[in-house]
Amino acid sequence: MNVEESFAKLSDVKPLKTALSRELTIAVMGAGSRGNEYPEYGKLFPDSCRVVAVSDINEYRRNKMAEKWSIPADRVFGDYHEMLEAGKNGKLADILLIALPDDLHFEPAMEAMSQGYDILLEKPMAQTSEECEALLKRQHETGVMVAVGHVLRYSPYFRALKNAIDSGLVGELVSIQHMEPVLYAHMAHSFVRGNWRNSKMTTPMIVAKCCHDMDLLRWIVGKPCTSVKAEGNLFLFRPEKAPEGAPHRCTDGCPYEATCPYSALEIYDRKRWFMYVFDVPKDCPSEQLREILKTSDYGRCVYHCDNDQPDHIVAALRFEGGVTASFTMDAFTPWGGRRTRVMGTMGFIEGDGKTFTLHRFDTGKAHTWAFVPPQGENYKESGHAGGDLALIRDFLEAVDTRDFTKLSSSLDASVESHLMGFSCEKDRLFVSRTALA
Ligand SMILES: NC(=O)c1ccc[n+]([C@@H]2O[C@H](COP(=O)([O-])OP(=O)(O)OC[C@H]3O[C@@H](n4cnc5c(N)ncnc54)[C@H](O)[C@@H]3O)[C@@H](O)[C@H]2O)c1
């Protein structure tokens with residue numbers, strides 16, 4: 001096959017709809033953003049999957065999900081322990097979706113495996129490398145199927161990029177430059193004010209946010225990582241960087257509010273970004289939202305939060321056989337969407353998360369790939385460049401057929417990339433301590 005033909009084949013995108021032998025049932029732990037995202041597949045393709053039990057300590061969210069899926073009252077639980085307790089008398093569903101906060105993944109996953117559930121476990125799978133290994137051991141003992149939420153592996157964009165490399169379009173792979181631009185407001189929302197602000201409460205940034213990137217690099221290279229080095233720190237969001245006299249809340253008449261790009265009033269009220277965390281309609285009155293911001297974590301000044309996550313990280317990775325990768329996570333960008341450059345002996349690829357261009361050294365030609373969404377009612381865009389719904393599709397297929405090979409983000413595959421992240425964090429902290437000494 002010549003380059004043109006190989007490149008054209010990259011456009012063969014797997015259809016979102018799949019044929020299953022029966023409808024699979026799902027019990028959801030954590031009816032927040034992620035807990036709602038994956039089951040959407042069942043709404044898009046009726047008879048594929050259905051939520052039959054829910055657990056959430058937030059009454060509004062669990063009731064909303066119960067209503068959406070007509071879940072009977074005896075299958076609606078508060079704390080996840082109640083759902084685990086009920087599962088001791090027999091599984092509540094074929095699949096358990098664990099979409100709880102990061103610090104509540106390990107314990108329920110361990111117990112649920114023993115109860116015989118196949119599990120869709122949100123990333124990060126656990127908070128330490130020891131816990132990751134323990135999960136893998138339990139999975140091997142129980143023989144259940146576990147998928148980790150490494151959704152980017154399933155997005156048509158990253159699949160095409162990997163296929164391009166695997167089919168030799170850049171010759172032999174030599175090195176990769178990969179960047180995760182977080183977006184300044186997303187950093188402020190999730191990693192300064194929000195749920196992932198403190199590495200001790202959740203997981204270090206390189207795992208919480210960048211386990212996707214460690215995972216992509218390991219997956220694309222296709223060989224074990226043999227060494228990591230990392231640097232990074234919290235440059236901006238610290239008390240000493242606060243403008244003089246800035247109050248602790250944006251709602252307290254901050255004199256800098258009108259010009260501060262991180263202002264809670266600007267991000268939430270005027271722009272209406274990230275509204276899903278407030279459990280109010282996106283178009284709720286300004287007064288109502290400002291009242292919420294007076295007490296919510298999201299109304300705090302970004303310089304006066306209990307945060308410790310780095311706002312920039314650089315890492316250097318080496319893989320078996322000599323391939324290297326450099327990785328950058330940066331908060332200070334005007335957009336999200338991973339940027340990747342791939343260097344090979346015969347070609348170079350540059351991509352921005354939506355399209356990528358292959359430049360061949362032998363012909364001097366450039367070939368551009370872009371995702372063309374299939375026409376028809378059986379397609380829907382989803383988060384992570386389509387990865388969210390594609391992951392649940394493959395997971396349902398794997399559970400239905402008991403064919404583990406249909407699953408790209410297995411626990412085995414995911415443990416390794418989590419360990420890369422934890423190793424980066426260890427190295428980053430070691431470097432920081434040395435510098436301070
Ligand atoms: N795969 C991805 O790309 C991706 C993207 C975003 C988040 N995540 C991960 O998904 C997980 C969930 O994130 P989210 O954005 O949906 O958060 P979220 O806050 O929207 O949802 C978590 C839900 O868990 C509930 N909860 C908390 N403690 C509970 C308990 N003890 N018992 C029952 N319910 C409880 C909360 O009330 C909340 O509704 C996190 O671990 C996060 O890191 C993954």
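Both counts, for ligands and for their atoms, begin at 1 and track the order of listing.
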Give me the nearest non-hydrogen protein atom to atom 9 (C) of ligand 1 as residue plus atom name, then the distance to 0.1 Å. Lys123 O, 3.3 Å

Apply salt bridge (Lys or Arg N to Asp or Glu O under 4.0 Å) to Glu130 and list each qualifying residue two or more places apart in sequence or on a separate chain. none

Would you please indicate if the ring centroids of Phe235 and Phe332 are separated by under 6.0 Å? no

Could you check whether any heavy atom of His105 sits closer than 4.0 Å to an atom of ligand 1, since that is the contact criterion I want to use? yes

Do me a favour and list the nearest non-hydrogen protein atom to atom 21 (O) of ligand 1 with residue, atom name and distance? Gly32 CA, 3.4 Å

Step through it carefully: locate the ring centre of His248, locate the ring centre of Tyr303, and say whether they are under 6.0 Å apart. no

With side-chain contact (heavy atoms from CB on, under 4.5 Å) as the test, pick out the partner of Tyr38 among Val151, Ile95, Leu396. Val151

Could you list the atoms of ligand 1 found under 4.0 angstrom from a heavy atom of Asn195? 19 (O)

Are Gln177 and Ser326 linked by a side-chain donor-acceptor pair shorter than 3.5 Å? no

Scan side-chain atoms only and decide if Ser382 and Tyr41 contain a donor-acceptor pair under the 3.5 Å cut-off. no

Between Tyr154 and His384, ring centroids under 6.0 Å: no

What part of Ser33, side chain, backbone, both or neither, has a heavy atom within less than 4.0 angstrom of ligand 1? both

Are any of the heavy atoms in Trp196 under 4.0 Å away from ligand 1? yes

Parallel, tilted or perpendicular: ring planes of Trp196 versus Phe191, cut at 30 and 60 degrees: tilted

Are the aromatic rings of His150 and His418 close, with centres under 6.0 Å apart? yes

Would you tell me which option among Leu104, Asp102, Asp103 has the nearest heavy-atom contact to atom 41 (O) of ligand 1? Asp102

Between Leu100 and ligand 1, which residue portion shows a heavy-atom distance shorter than 4.0 Å: side chain, backbone, both, or neither? both

Which one holds for Val277 and ligand 1: side chain close, backbone close, both close, or neither close, with close meaning a heavy atom under 4.0 Å? neither

For ligand 1, which atoms, with element, lie under 4.0 Å from some heavy atom of Ser55? 33 (C)

Do we see a donor-acceptor contact under 3.5 Å between the side chains of Asp330 and Thr328? no

Nearest neighbour in protein (non-hydrogen) for atom 32 (N) of ligand 1: Tyr80 N, 3.0 Å

When you measure from the side chain of Tyr262 to the backbone of Ile267, do you find a donor-acceptor pair of N or O atoms at a distance under 3.5 Å? no

Going by the 4.0 angstrom heavy-atom rule, the piece of Arg61 near ligand 1 is side chain

Below 3.5 angstrom, do we get any N/O pair linking Val151 and ligand 1? no

Part of Met29 within contact of ligand 1 (heavy atoms, under 4.0 Å): neither

Protein residue, atom and distance nearest to atom 16 (O) of ligand 1, heavy-atom basis: Arg34 N, 2.8 Å

Compute the ring centroids of Tyr298 and Phe274, then answer whether they are less than 6.0 Å apart. no

With under 30° as parallel and over 60° as perpendicular, where do the rings of His189 and Tyr276 fit, or are they tilted in between? perpendicular

closest protein heavy atom to atom 44 (C) of ligand 1 is Glu122 OE1, 3.1 Å

Gly78 near ligand 1, heavy-atom distance under 4.0 Å? yes

Below 4.0 angstrom from a heavy atom of Asp79, which ligand 1 atoms are there? Numbered from 1 as shown, please. 30 (C), 31 (N), 32 (N)

Check each heavy atom of His212 against ligand 1 and say whether those closer than 4.0 Å belong to the side chain, the backbone, both or neither. side chain

Taking atom 36 (C) of ligand 1 as the reference point, the nearest protein heavy atom with its distance: Asp56 OD1, 3.5 Å

Of Pro108, Ala99, Gly30, Ala31, the one whose closest heavy atom lies nearest atom 22 (C) of ligand 1 is Ala99

Heavy-atom nearest neighbour in the protein, as seen from atom 27 (C) of ligand 1, with distance rounded to 0.1 Å: Pro101 CD, 3.5 Å

